[in-house]
Amino acid sequence: MCLLSGRRERRHHQHMDTIELGEVSVTRIQHFDSWPLAPTNFFPETDQAVWTANRPWLAPAHWDADANRVRIAVQSWLLRSGGQTILIDTGLGAARPDVPAGAALPETLAGVAPADIDLVICTHLHADHVGWNTSLDNGDWVPSFPNARYLFSRPDLDFFHPDKLIEGPGRSAAVFRASVEPVLRSGQALIWDGSYVIDERLRLDLAPGHTPGLGVLTLDAGGDLAVFVGDVVHGPTQFLEPEVSSCFCHDPRAAARSRRKVLEWAADHRALVVPAHFGGARAVEVSRDGSRFAVRRWAGFSDDLIENASRPRAR
């Protein structure tokens, strides 16, 4: 996703929660919240009636019903697995020309200094996922995590490269030059395609649609399963309307196919689904409900806004 301007709440303190999944710890690092668009603008094919019918559990965690704005959390995920410290996505970075600006990068990430990050996974190359890939140092943009390797997918590198880029929503040469090119120049990039095994517990696979090279991370640790889906799922009404993609998806139909594939696997394996932008309890187990999906249970991550986690009602 590439955020539009909208109502934004800046976080002056860091909200961090940790859960253990087998031998892997998962920590959520909050950057800020935004309420950029009405549901029918964010999800052009959604039915507003679905939001109204499910208001008791959507509001306020995922939707400001009074203002009729979708809530989007910009956040990173910090994983510790097999002796590696891994950061999933880096949020919106510092202000720079023609690039959206976000919150400041915390000096420590769940107690981890930037120099201690071993691997940065960029699920895709939208501005709100790569912004803190780089920081300004003596007038030059350099990798924020000096000892880390950065994982970029080949399809996204090709799609967003300025030599091939057609400027448009979510496609910006300025973002690539500020947040991707310095990493490529540094030699810290690992470029993957198809799938990529990080260790015996973590694997990346392509889920094209939102972007051509969006990667989902599957965690399989000691019987615990989770899938970090990036922007395959933007909001929980997509469980009820899995065919509905966001306005930020470059190929909405392919995004819908990837979403259904990922959610079917998660439902069948009782895997925790961890989207990039959920508020509320942040992560969720789903079950099949005919051609749709239902919330089985929410994860235990906390939120300032009180969530009513009752089961969605059918239309």
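With sequence neighbours excluded, the residues that form a ring pair (Phe, Tyr, Trp, His ring centres under 6.0 Å) with Phe160 are His126, His250. Listed by chain and residue number, Arg203 satisfy the side chain to side chain donor-acceptor pair (under 3.5 Å) test with Asp205 (two or more places apart in sequence, or in another chain). Remark: Arg296 engages no residue in a side chain to side chain donor-acceptor pair (under 3.5 Å) (not counting sequence neighbours). For Asp137, the side chain to side chain contact (heavy atoms under 4.5 Å, CB included) partners are Val142, not counting sequence neighbours. Shown here are the side chain to side chain donor-acceptor pair (under 3.5 Å) partners of Asp156, two or more places apart in sequence or in another chain: Thr211. Shown here are the side chain to side chain contact (heavy atoms under 4.5 Å, CB included) partners of Ala173, two or more places apart in sequence or in another chain: Pro162, Leu165, Glu167, Arg177. Among residues two or more places apart in sequence or in another chain, the salt bridge (charged side-chain N to carboxylate O under 4.0 Å, His left out) test is passed with Glu45 by Arg253. With sequence neighbours excluded, the residues satisfying side chain to side chain contact (heavy atoms under 4.5 Å, CB included) with Asp163 are His161. Remark: Ser135 pairs with Trp132, Ser144 by the side chain to side chain contact (heavy atoms under 4.5 Å, CB included) rule, at least two apart or across chains.
Atom CG of Leu240 is separated from atom CG of Leu58 by 7.5 Å, given to the nearest 0.5 angstrom. Note that OG of Ser195 and CG of Leu204 are 9.0 Å apart. Values are rounded to the nearest 0.5 Å. Expressed to the nearest 0.5 Å, how far CG of Leu87 lies from CD1 of Ile121 amounts to 8.5 Å. Note that OG1 of Thr90 and CG of Asn133 are 4.0 Å apart. Values are rounded to the nearest 0.5 Å. With rounding to the nearest 0.5 angstrom, the CG atom of Leu151 is 11.5 Å from the OG1 atom of Thr123. Interatomic distance, CD1 of Ile191 versus CG of Leu184, reported as 6.0 Å (0.5 Å rounding).
A donor-acceptor pair shorter than 3.5 Å cannot be found between the side chains of His124 and Ser153. Using a 3.5 Å distance cut-off with no hydrogens or angles, the side chains of His234 and His62 do not pair a donor with an acceptor.
The one candidate from His129, His31, Gln30 that meets the side chain to side chain donor-acceptor pair (under 3.5 Å) condition with Ser76 is His31. Partner Cys247 forms a side chain to side chain contact (heavy atoms under 4.5 Å, CB included) with one of Thr40, Leu37, Asn41 and no other, that one being Leu37.
A donor-acceptor pair is defined here as one N or O able to donate and one able to accept, closer than 3.5 Å; no such pair exists between the side chain of Asn68 and the backbone of Ala38. Arg260 places no side-chain N or O within donor-acceptor distance of the main-chain N or O of Ala256, the cut-off being under 3.5 Å.
Under the 4.5 Å side-chain criterion, counting only non-hydrogen atoms from C-beta, Thr237 is not in contact with Asn54. In this structure, Phe159 and Lys164 have side chains that are not in contact, with every pair of non-hydrogen atoms separated by 4.5 Å or more. The shortest side-chain heavy-atom distance between Val274 and Leu219 does not fall under the 4.5 Å cut-off. Residues Ile72 and Pro36 are in side-chain contact: their nearest non-hydrogen atoms beyond the backbone lie under 4.5 Å apart. With contacts defined as side-chain heavy-atom distances shorter than 4.5 Å, the pair Pro236/Val295 does not qualify.
For residues 78-88, the set of pairs meeting the side-chain hydrogen bond (donor to acceptor under 3.5 Å, both in side chains) definition, not counting sequence neighbours, comprises Ser81-Asp199. Counting only residues at least two apart or on different chains, no ring pair (Phe, Tyr, Trp, His ring centres under 6.0 Å) pair has a member in residues 86-123. For residues 265-275, the pairs satisfying salt bridge (Lys or Arg N to Asp or Glu O under 4.0 Å) are Asp268-Arg288, Arg270-Glu285, with sequence neighbours left out.
In the hydrophobic clustering of this structure, Trp141 does not group with Tyr150; members are Ile, Leu, Val, Met, Phe, Trp, Tyr whose side-chain heavy atoms approach within less than 4.5 Å, directly or through other members.
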| field | Trp51 and Val70: CA distance, side-chain angles, deciding distance, side-chain contact (heavy atoms from CB on, under 4.5 Å) verdict | value | CA-CA 10 Å; Trp51 295 76; Val70 177; 3.8 Å; yes
| message | side-chain contact (heavy atoms from CB on, under 4.5 Å), that's the test. Do Ile117 and Leu78 meet it? Break it down for me. | response | CA-CA 9 Å; Ile117 299 292; Leu78 189 83; 3.6 Å; yes
| side-chain contact (heavy atoms from CB on, under 4.5 Å) evaluation trace for Arg71 with Trp63 | CA-CA 5 Å; Arg71 181 188 181 199; Trp63 175 43; over 6 Å; no
| said: Working note: Leu190 + Trp192, criterion side-chain contact (heavy atoms from CB on, under 4.5 Å); need CA distance, chi angles, decisive distance, verdict. | reply: CA-CA 7 Å; Leu190 286 172; Trp192 67 283; over 6 Å; no
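A salt bridge is absent between Asp64 and Arg69; no separation between the charged side-chain nitrogens and carboxylate oxygens falls under 4.0 Å.
Taking each heavy atom of Leu21 and Ala221 in turn, the nearest pair found is O-CB, 3.4 Å.
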